[in-house]
Amino acid sequence: MAGTVTYMDHAATTPMRASAIAAMMPFLDGVYANPSGSHRFARLARKSVDEARDLIASLVGCKPGEIVFTGCGTESDNAAIVGVVRRRGGVAVCPAAEHHAVLHCVEHLGGRVVAVDANGAVDLDALRTALDDSVSSVSVMAVNNETGVITDMRAVSALVRRHAPNAVLHTDAVQAACWIDLRDLWPLVDSMAVSAHKFGGPKGVGALIVREGVTFEPIVLGGGQERDRRSGTHNVAGIVSMAEALRATDAERAHEVARITALRDTLLAGLSAIPGVRRTVPDSVSVPGVAHVCIADVESESLLYLLDEADVCASAASACASGAMEPSHVLLAMGVEREWSAGALRLSMGHTTTAADVERTVQVVTAAVERIRTAAARLKRA
Ligand code: PLP
């Protein structure tokens, strides 16, 4: 299957790296001990978790003790926001274009949701208005999962430190790891969520990086693993594999940013030859991996159906929303008109994307749009 599809949905999940698969194998078939045990075999597993923690710490620029292994990015966001507000009380704040893993936490806590600008980045004036001494948690994503828009985290950090001095500043960096050096992001925030399956590791493992001294109420209670911050038997294979995936991502990042930027230029040039295609956000404000367009007189649902039929994997919005063709909450928050948001298409690229994938995607999208428009015109005439 994998060899036959043109995979343009890396923002939903990116294929595992061969080195990350190799790294996890010994722990699926060999070192199966529970790292919390007291025997020698358990210590072997624990040593591997500790080494993975040290490696990730060196790639993020944090202390090993600041890493809490979790089950996914969603859990990391929940722990950071719900956990902090349960511990400290106070108000949670986030922008309207956050991933639901953040937005639903803030809404659940009765917090403040602030406006974004036309590109989907947090509106700094609106954020300023929402900040005061009562705010205990502010969460702003580093990179938007639908449009790829990058947050100016330096500006957000300065604003939050000044106007909400009691707040823990969290960033959802789930979409950032492939494109942005996490060492540049980490000094600006108090906590950060990452998820292995977005950078070539396995699904079902992530991390919350949380600054020493910042406490939160654990949301998974039990045996007290991860220094009482996240109970549950460690996913040893997943953790070791995630560390390797992040190492490889970090090592290749500069090269990949340049390579994928060139591929996106080709992709967008090809798509812009189709009448009525509009780039949703300018290239200059987005990570290279995401090309989000809106296409006039086309419903995303029909388009995705035809792309799927031609073995091109793409998405209309975030993967979670693409089952139900509601207008995306991100595009709504950005103020994109219904006639454009109805034809939203996210093509996202990553470490396995080739020039041939881009060429084929342009051909298939062009043909699909033409087919939809021809059918609509015929229906109108009938
Ligand atoms: N945050 C962002 C920005 C995402 O893109 C995703 C996944 O789509 C998540 C959080 C959730 O991560 P996970 O799938 O690991 O729960």
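Hydrogens, waters and symmetry mates play no part in the numbers below; they use all other heavy atoms, side chains included. All ligand and atom numbering here is 1-based and tracks the order in the structure.
Under a 4.0 angstrom heavy-atom cut-off, Lys203 registers as lying outside contact with ligand 1. Residue contact annotation: His197 has a non-hydrogen atom under 4.0 Å from ligand 1.
Salt bridge annotation for Glu256-Arg253: absent, with no cationic side-chain nitrogen under 4.0 angstrom from a carboxylate oxygen. Salt bridge Arg53/Glu226: present, at least one basic N to carboxylate O contact under 4.0 Å. Salt bridge annotation for Asp50-Arg43: absent, with no cationic side-chain nitrogen under 4.0 angstrom from a carboxylate oxygen.
Residues passing the salt bridge (Lys or Arg N to Asp or Glu O under 4.0 Å) test with Arg87 are Glu217, sequence neighbours excluded.
A donor and an acceptor atom, one from each side chain of Thr6 and Thr361, are nowhere located under 3.5 Å apart. Of the N and O atoms on the side chains of Thr354 and Asp357, at least one donor lies less than 3.5 Å from an acceptor on the other residue.
For ligand 1, the atoms closer than 4.0 angstrom to any heavy atom of Met141 are 3 (C).
Between Ala11 and ligand 1, not a single N/O pair is under 3.5 Å apart. Between Gln175 and ligand 1, a contact under 3.5 Å exists for at least one N or O pair.
Of the heavy atoms in Ser195, only side-chain atoms (C-beta onward) come closer than 4.0 Å to ligand 1. Contacts between Thr74 and ligand 1 below 4.0 angstrom, taking non-hydrogen atoms only, involve backbone and side chain alike.
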